[in-house]
Amino acid sequence: MSFQLNGKNAVVTGGSSGIGLATVELLIAEGANVAWCGRDEKRLSDSKAMILSRYPNATVLTAVCNVLDKAEVQQFADQVQKEFGGIDILINNAGQGRVSNFDTTEDQDWLKEIELKYFSVLHPIKAFLPALKKSDCGSITNVNSLLALQPEPHMIATSSARAALLNLTHSLAHEFAQYSIRVNSILLGMVESAQWKRRFETRSDLEQSWEEWIGNIAKKRGIPMARLGKPEEPARALVFLASPMASYTTGSTIDVSGGFNKHL
Ligand code: NDP
C-alpha cells in the first residue's frame with residue numbers, strides 16, 4: 001500500500017525538529033517534494049542537511065519564517081509556489097505548549113497563547129489556500145493536542161486554545177469541502193521532542209537520565225502504553241490524513257496518545 005504521494009508538493013510548518021521533522025522525512029521517503037519552515041536558521045539548515053544526507057535526490061525547500069508573522073508566511077508561500085509550481089498538502093505543526101494554571105497565567109499569556117494557536121494555523125491557511133484550491137487532492141492537517149478534549153489544569157491556556165483549534169478545524173472542513181480541500185487534525189498525547197528535552201533540562205533531580213525521566217512521566221501520568229510517543233508515530237498519522245489515501249476523510253481526528261484518551 002502506498003500513500004500515493006509521489007510528486008506531490010507538501011508544506012510542513014515547524015519542520016526543523018521533533019514531530020515536524022519526522023513528518024518531513026516520511027513525506028520525502030514517500031516521494032513528495034517538501035518545503036518546511038522554522039524560526040531558527042541553524043536548526044533549519046541542520047534539518048535540511050540531515051534530510052539531504054539521507055535523501056540526496058529529494059526536492060526540498062526551507063525558509064526561515066515565523067508563522068505568526070503574516071508577511072513572512074506570505075513570502076514563504078510565494079517562494080514555494082515559485083519553486084514547486086503548486087501545493088497539495090499543508091501540515092500546520094509549528095508551535096509549543098504553555099505550562100501554567102489560572103493563578104500563574106497573566107492576561108498577556110492568555111493573549112499570546114490564543115494568538116499562537118489561532119494564527120499559527122490561520123496565516124498559513126490564508127497564504128496557501130489559493131494554491132491548495134488548484135490541487136486535485138488538496139489537504140490541510142493541523143497538529144492538535146488531546147488537551148482539546150481532555151483539559152489539564154496545569155496547562156489551562158493551552159487546553160482552552162486547543163479546544164478552539166479543534167472547533168475551527170471542523171468549521172474549515174465544512175467550508176473548504178466546496179473546494180475539495182480536506183481538513184483534519186491529530187490529537188497528541190505526550191511525544192518525545194525538543195519541547196520535552198527543554199523541560200528535561202530543568203528537571204529537579206539532575207541524576208535522572210532521559211529514559212528514567214520520561215519513563216517516570218509515563219508512569220505518573222498513567223499512560224496505558226507506559227511510554228511517551230516517538231515523533232515518527234504522529235508523523236505516520238499526519239501523512240495518512242494528508243495523503244490521497246484519506247480521500248473521503250474530512251473534519252476528522254486521529255488520536256495519537258498511547259491510550260491516554262479517557263473520553264468516549
Ligand atoms: P519541537 O519543539 O521539537 O518542534 C517545534 C517546531 O516548530 C520546531 O521546528 C520549531 O522551530 C517550530 N516552531 C515553533 N514555533 C514556531 C513559529 N512561531 N514559527 C515557525 N516555526 C515554529 O516540538 P514538537 O515536535 O513537540 O511540537 C510540534 C507540535 O506538536 C507543536 O505544535 C506542539 O505544540 C504540538 N504538541 C506536542 C506535544 C508533545 O508532547 N510533543 C503534545 C501536544 C502538542 P523554531 O523553534 O526554530 O521556530
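We count ligands from 1, going down the list as the structure has it; atoms in each ligand are counted the same way. Please read these numbers as outputs of a predicted model, since none were measured by experiment. Just the heavy atoms: all of them, side chains too, but no hydrogens, waters or symmetry mates, feed the values below.
Comment: Arg203 does not engage Glu212 in a salt bridge, judged by the lack of any side-chain N to carboxylate O separation of less than 4.0 angstrom.
Ranking the protein heavy atoms by distance from atom 20 (C) of ligand 1 puts Cys65 O, 3.2 Å first. Residue, atom and distance of the protein heavy atom nearest to atom 45 (P) of ligand 1 are Arg43 NH2, 3.4 Å. The single protein non-hydrogen atom nearest to atom 6 (C) of ligand 1 is Gly14 O, 3.5 Å, given as residue, atom name and distance. Ranking protein heavy atoms by distance to atom 36 (N) of ligand 1, first place goes to Leu188 CD1, 3.5 Å. Of the protein's heavy atoms, Asn66 OD1, 2.9 Å lies nearest to atom 18 (N) of ligand 1. Considering only non-hydrogen protein atoms, atom 33 (C) of ligand 1 sits nearest to Gln195 NE2, 3.2 Å. Annotation: atom 25 (O) of ligand 1 to nearest protein heavy atom, Ile19 N, 2.9 Å. Of all protein heavy atoms, the one closest to atom 16 (C) of ligand 1 is Arg39 NE, 3.4 Å.
Residues Ile28 and Val80 do not share a hydrophobic cluster, defined by chaining ILVMFWY side chains whose heavy atoms lie under 4.5 Å apart. Put simply, Phe119 and Val121 are part of the same group of oily side chains (I, L, V, M, F, W, Y) that touch within less than 4.5 Å, one to the next.
Taking all heavy atoms of Cys37, Gly38, Ser17 into account, the minimum distance to atom 3 (O) of ligand 1 is reached by Ser17. Within the set Arg199, Arg162, Lys117, the minimum heavy-atom distance to atom 34 (O) of ligand 1 is found for Arg162. Relative to atom 5 (C) of ligand 1, the option among Ala94, Gly15, Gly95 with the closest non-hydrogen atom is Gly95.
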Decide side chain to side chain contact (heavy atoms under 4.5 Å, CB included) for Val12 and Val34; before the verdict, give the C-alpha distance in whole Å, the side-chain angles of both, and the deciding distance to 0.1 Å.
CA-CA 7 Å; Val12 180; Val34 185; 4.2 Å; yes
Checking Ser47 against Trp36 for the side-chain hydrogen bond (donor to acceptor under 3.5 Å, both in side chains) test, could you report, in this order, the C-alpha distance in whole Å, the side-chain angles of both residues, the deciding distance, and whether it holds?
CA-CA 10 Å; Ser47 65; Trp36 67 99; 3.0 Å; yes
Mind running side-chain hydrogen bond (donor to acceptor under 3.5 Å, both in side chains) on Asn142 and Thr169 for me, showing each step along the way?
CA-CA 8 Å; Asn142 296 328; Thr169 302; 3.1 Å; yes
Full working for side chain to side chain contact (heavy atoms under 4.5 Å, CB included) between Phe176 and Lys133:
CA-CA 9 Å; Phe176 291 176; Lys133 283 181 181 174; over 6 Å; no
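The shortest N/O to N/O separation between Val67 and ligand 1 falls below 3.5 Å. The shortest N or O to N or O distance between Ser145 and ligand 1 is not below 3.5 Å. Considering backbone and side-chain N/O of Gly20, none are found under 3.5 Å from N/O of ligand 1. Backbone and side-chain nitrogen or oxygen atoms of Asn144 are examined, and none is located within less than 3.5 angstrom of a nitrogen or oxygen of ligand 1.
Near Met190, the atoms of ligand 1 lying under 4.0 angstrom from a non-hydrogen atom of the residue are 40 (O). Close contacts between ligand 1 and Ser16 involve ligand atoms 8 (C), 9 (O), 11 (O) [criterion: under 4.0 Å to a heavy atom]. Short contacts between ligand 1 and Val143, defined as distances under 4.0 Å to a heavy atom of the residue, involve ligand atoms 29 (C), 30 (O), 35 (C). Proximity to Gly189 (heavy-atom distance under 4.0 Å) selects the following atoms of ligand 1: 40 (O), 42 (C), 43 (C). Short contacts between ligand 1 and Asn93, defined as distances under 4.0 Å to a heavy atom of the residue, involve ligand atoms 28 (C), 29 (C), 31 (C), 32 (O). Within ligand 1, counting atoms from 1 as listed, the ones closer than 4.0 Å to a heavy atom of Asp40 are 47 (O). Using a 4.0 Å cut-off to heavy atoms of Arg198, the atoms of ligand 1 that qualify are 2 (O). The ligand atoms of ligand 1 that sit less than 4.0 angstrom from a heavy atom of Gly18 are 3 (O), 25 (O).
Side-chain atoms of Asp88 and Ser135 form a donor-acceptor pair, as typed in the model, at a separation below 3.5 Å. A side-chain N or O of Thr158 and one of Glu113 form a donor-acceptor pair less than 3.5 Å apart. In this model, a donor atom of one side chain and an acceptor atom of the other lie less than 3.5 Å apart for Gln74 and Asp78. Judged by distance alone, the side chains of Thr105 and Ser100 do bring a donor and an acceptor atom under 3.5 Å apart. Of the N and O atoms on the side chains of Asn184 and Thr141, not one donor lies less than 3.5 Å from an acceptor on the other residue.
In this structure, Pro234 does not count as a contact residue of ligand 1, since none of its heavy atoms falls inside 4.0 Å of the ligand. At least one heavy atom of Trp196 sits less than 4.0 Å from an atom of ligand 1.
For Lys262, the NZ atom sits in a packed shell: over 12 heavy atoms of surrounding residues, nucleotides or ligands are nearer than 6.0 Å.
Screening Lys230, Arg227, Lys197 for a side-chain hydrogen bond (donor to acceptor under 3.5 Å, both in side chains) with Glu192, the sole residue that qualifies is Lys230.
Considering all non-hydrogen atoms of both residues, His263 and Leu146 come closest at CE1-CD1, 3.6 Å.
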